[in-house]
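The next block holds one structure in the form of structure tokens; read it before the comments.
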Amino acid sequence: GENVEQHPSTLSVQEGDSAVIKCTYSDSASNYFPWYKQELGKRPQLIIDIRSNVGEKKDQRIAVTLNKTAKHFSLHITETQPEDSAVYFCAAREYSSASKIIFGSGTRLSIRP
Amino acid sequence: EAGVTQFPSHSVIEKGQTVTLRCDPISGHDNLYWYRRVMGKEIKFLLHFVKESKQDESGMPNNRFLAERTGGTYSTLKVQPAELEDSGVYFCASSQGFGGISYNEQFFGPGTRLTVL
């Protein structure tokens, strides 16, 4: 089955700097990679996703990249702000099904003022 | 539109007791999922309902866990008897439709924090 590894487990960056979270997956059948953000005490929410026929996707200060050959995908946050502080989860699943999501172990991102 | 709701938000029970968690998905969502996060680890899949049928229950840890979705609306997850290692946050999620070529975002509930003492 699919296995998703996520690094780092914690990340602290100065406000205004960039943050990068990296994930790898094992199952080549996975072709959909969502990223969820969970703020303290709140529910996980989808912030961006990417499908395997695309190498990069950007939404304002957030971008995701995917290297299908290496089975790597990454989340990039630029010009970080205090409200970016949260736990971020990468995930993988088969795009064309309503199947389960396989999550990484999460990255706790802290933004230093 | 109301999101996924879960009840209770917190539950503290003693080892050996029974607890029932409830999830109300977004209205009209056929797919309902249960996940669990043990402290500091990944959000781990437990099972998936399509309407009232169990589509995938490969993540259920053992037979102390019983999930139901009678009528294809809300779902319950019962743990009986609870053990210390069952502590964690139990999330429910729902998504529209089933399969096809369009993806369906899974919307998460706020979770139930279960503590077994």
Side-chain angles (χ1 to χ4, degrees), chain A residues 1-11 21 23-27 29-54 57 59 64 86-109, chain B residues 2-7 9-10 23-26 29-51 53-60 67 88-113:
Chain A
E2 176 64 278
N3 182 50
V4 177
E5 300 279 344
Q6 182 171 350
H7 300 280
S9 57
T10 59
L11 180 60
I21 301 170
C23 293
T24 60
Y25 63 99
S26 60
D27 189 351
S30 292
N31 51 14
Y32 172 63
F33 306 92
W35 285 84
Y36 281 79
K37 175 184 180 182
Q38 186 181 15
E39 296 178 62
L40 190 63
K42 296 190 176 181
R43 69 191 69 201
Q45 288 196 300
L46 180 72
I47 54 170
I48 196 167
D49 55 26
I50 191 167
R51 304 173 201 172
S52 61
N53 58 348
V54 174
K57 183 177 178 180
D59 182 2
V64 290
V87 179
Y88 291 80
F89 294 94
C90 63
R93 75 162 169 87
E94 285 189 44
Y95 172 81
S96 62
S97 75
S99 62
K100 62 193 177 192
I101 291 175
I102 304 300
F103 285 92
S105 53
T107 295
R108 182 174 296 279
L109 175 62
Chain B
V4 178
T5 59
Q6 292 186 244
F7 182 83
S9 56
H10 294 83
C23 168
D24 286 78
I26 293 172
H29 281 192
D30 286 345
N31 295 290
L32 187 150
Y33 311 82
W34 284 97
Y35 294 89
R36 176 174 73 176
R37 187 179 192 217
V38 173
M39 190 168 61
K41 297 195 174 180
E42 76 273 23
I43 300 174
K44 196 168 181 183
F45 169 80
L46 296 178
L47 90 160
H48 169 205
F49 283 100
V50 177
K51 298 186 181 179
S53 299
K54 291 176 185 174
Q55 181 71 17
D56 181 355
E57 50 185 325
S58 60
M60 294 289 263
V89 180
Y90 289 76
F91 290 104
C92 175
S94 72
S95 71
Q96 263 184 332
F98 177 74
I101 59 172
S102 60
Y103 85 97
N104 295 297
E105 177 183 348
Q106 293 186 21
F107 295 86
F108 278 74
T112 293
R113 182 174 296 277

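Residue numbers start from 1 in every chain, and the chains themselves are labelled A, B, ... in the order their sequence lines are given, proteins ahead of strands.
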Notebook entry, point to check: Has the side chain of B/Tyr33 got a donor or acceptor atom that lies under 3.5 Å from a matching backbone atom of A/Ile101?
Noted result: no
Next item on the list: Report the distance from atom CZ of B/Phe91 to atom OH of A/Tyr36, rounding to the nearest 0.5 Å.
Entry: 11.5 Å
Margin query: Please list all pairs meeting side-chain hydrogen bond (donor to acceptor under 3.5 Å, both in side chains) that have one or both residues in residues 36-46 of chain B, counting only residues at least two apart or in different chains.
Written below: B/Arg36-B/Tyr90
Checklist line | Partner residues of B/Asp56 under the side chain to side chain contact (heavy atoms under 4.5 Å, CB included) criterion, sequence neighbours left out | finding: A/Lys100, B/Phe45, B/His48, B/Ser58
Item checked: Residue selection (most heavy-atom pairs with chain B, distance under 4.5 Å) from A/Pro44, A/Ser9, A/Ala91, A/Gly106 -> A/Pro44
Notebook entry, point to check: Just by distance, do the side chain of A/Arg43 and the backbone of B/Val4 share a donor-acceptor pair under 3.5 Å?
Noted result: yes
Next item on the list: Can you tell which part of A/Gln38 gets under 4.5 Å to a heavy atom of chain B, answering side chain, backbone, both or neither?
Entry: side chain
Margin query: Within a 6.0 Å radius of atom NZ on B/Lys54, are there more than 12 heavy atoms belonging to other residues, nucleotides or ligands?
Written below: yes
